[in-house]
Each structure stands twice: as structure tokens, then as C-alpha cells.
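Right, one structure below, let's go through it.
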Amino acid sequence: MLLAIPNVLTAEQVAAARDLLDRAEWVDGKITAGYQSAQAKSNMQLPEDSSTAETLGDTILSALQRSSLFVSAALPLRVFPPLFNRYAAGQAFGNHVDNAIRQVPDTGHRIRTDLSATLFLAEPEDYDGGELVVEDTYGVHKVKLAAGDMVIYPASSLHNVTPVTRGARVASFFWIQSMIRDDGRRALLFDLDVAIQQLSRDVSKHPAIVQLTGVYHNLLRQWAEM
Ligand code: NI
């Protein structure tokens, strides 16, 4: 399931982030790439230990905790500290699959990357190209969202970023280990949650809502890994 999550960051947060990012020191993006993806990757990144990345990463992680849509769709167990990239004109990232396991810097922790996330930090009209292209079982999706919006998609998907031909594409990217490893099961739980919330708004007194909520939690209990 590929899902856009609007307004993860406010316009003020995006502006503050861009102010810091536009003054930051960027390095070659191959630092976080595996062997195959390093061949395909041409962009710049903030070093993982950069104080700007840590500050902005904390802002993003707090925003995610407040996003009920993100929590419902991702059922997050662990979120990788957000990274930041910048594609200037001529830069792109060819087709690749993200590494399955990532070491969280400065900790003994590893996360399994069930979901990949891209949080856009440049307005679409400020650059040409730079679409995120994700291939899944339902076809090819091109994603280019407003600054502050985020997309999540199964990290198992082949994806690429098309060449930027004008301006610069600035984004945060990171991964989520979900309590529900299987994308199909996670999508079912999300559909059920969305339906229950809609019923709760439209027919709030209906006794079946309690039963459906029980089904949701009992499926979560059966499938969740912690
Ligand atoms: Ni990737």
C-alpha cells in the first residue's frame, strides 16, 4: 500500500527546516547506499551525525507521533532517525530496493525496513523532475507532493527518483519497522480502522462498532510482533 499523508509538517516547520538545510553542509549521498544502490545514486545528503539532521529529525518524529493517519497506516514499532537528501539539476537515483536491515547510528539497534517514507521539503513548482516512482503489484506510481506532505510505501518495492532538470528537490527519507511485517495484513488492518472510524462518526451508537473494534484489536493481537 502506498499512502500520502498530508501536512505532516506545518508551513512554518517546513520554512524553518529549509532555512537550516539551505545552510547545512551536504555530502555525497553514496554514504548510506548499499553496493547495488551506490551505482544508481547521484544526490547529496546530510551526514547522519549532523546536528541539523538530529534537530530536524526530532521535529519529524514528534510530528509523526501526532499523526493518527501515520500511526493507523504504519503501525510503527521503530522509526529510523530521519535522513535528508537534496537532488540538484542533473541528479537522480535509479531503480533500487532499499536495504532490508539498517543499523541505527550510535546504538546497538537494528531495524527491519518494512516501510519507506519520503517527506517532501520543497514545493513541486520549485523544481522539475524529481518524481519518486514506485513499482508495486498494482503498477507504477509517480509521487511528487507539496512541501510538508509525506508518502509511505512498502520498502520491498522497486523505486527510483527521476532526474531533476531545474531547481532542487529537498526531502527527508527514513524507514519504519512496523508491528505488522506483512504489507497485506497491515493494509487490511488500516482498511478496518478507517471503516470503524467512519462508522463511529456516522452511526456512533451502533452496537456492531464495539464488535468490529474487538475484531481489529484481536487481529492486531494475533499478528503484532514487538
Ligand atoms: Ni530508496
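Atom set for the values below is all heavy atoms of this structure, side chains included, hydrogens, waters and symmetry mates excluded. This chain uses plain numbering: 1 for the first residue, then up along the sequence. All ligand and atom numbering here is 1-based and tracks the order in the structure.
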Checklist entry - With a cut-off of 6.0 Å (strictly less than), are more than 12 heavy atoms of other residues, nucleotides or ligands near CZ of R110? => result no
Checklist entry - By atom name, which N, O or S atom of H159 is the nearest to the Ni ion (ligand 1)? => result NE2
Checklist outcome for this item: Note: A171 and T118 closest approach over all heavy atoms is CB-CG2, 4.0 Å
Checklist outcome for this item: Which atom of H96 is nearest the Ni ion (ligand 1), counting N, O or S only? It is NE2
Checklist entry - Would a distance-only check, ignoring hydrogens and angles, find a side-chain to backbone donor-acceptor pair under 3.5 Å from R166 to A89? => result no
Next on the checklist: I'd like to know if the side chain of S172 and the backbone of L121 have a donor-acceptor N/O pair within less than 3.5 Å.
Outcome noted: no
Checklist outcome for this item: Among the N/O/S atoms of D98, the Ni ion (ligand 1) lies closest to OD1
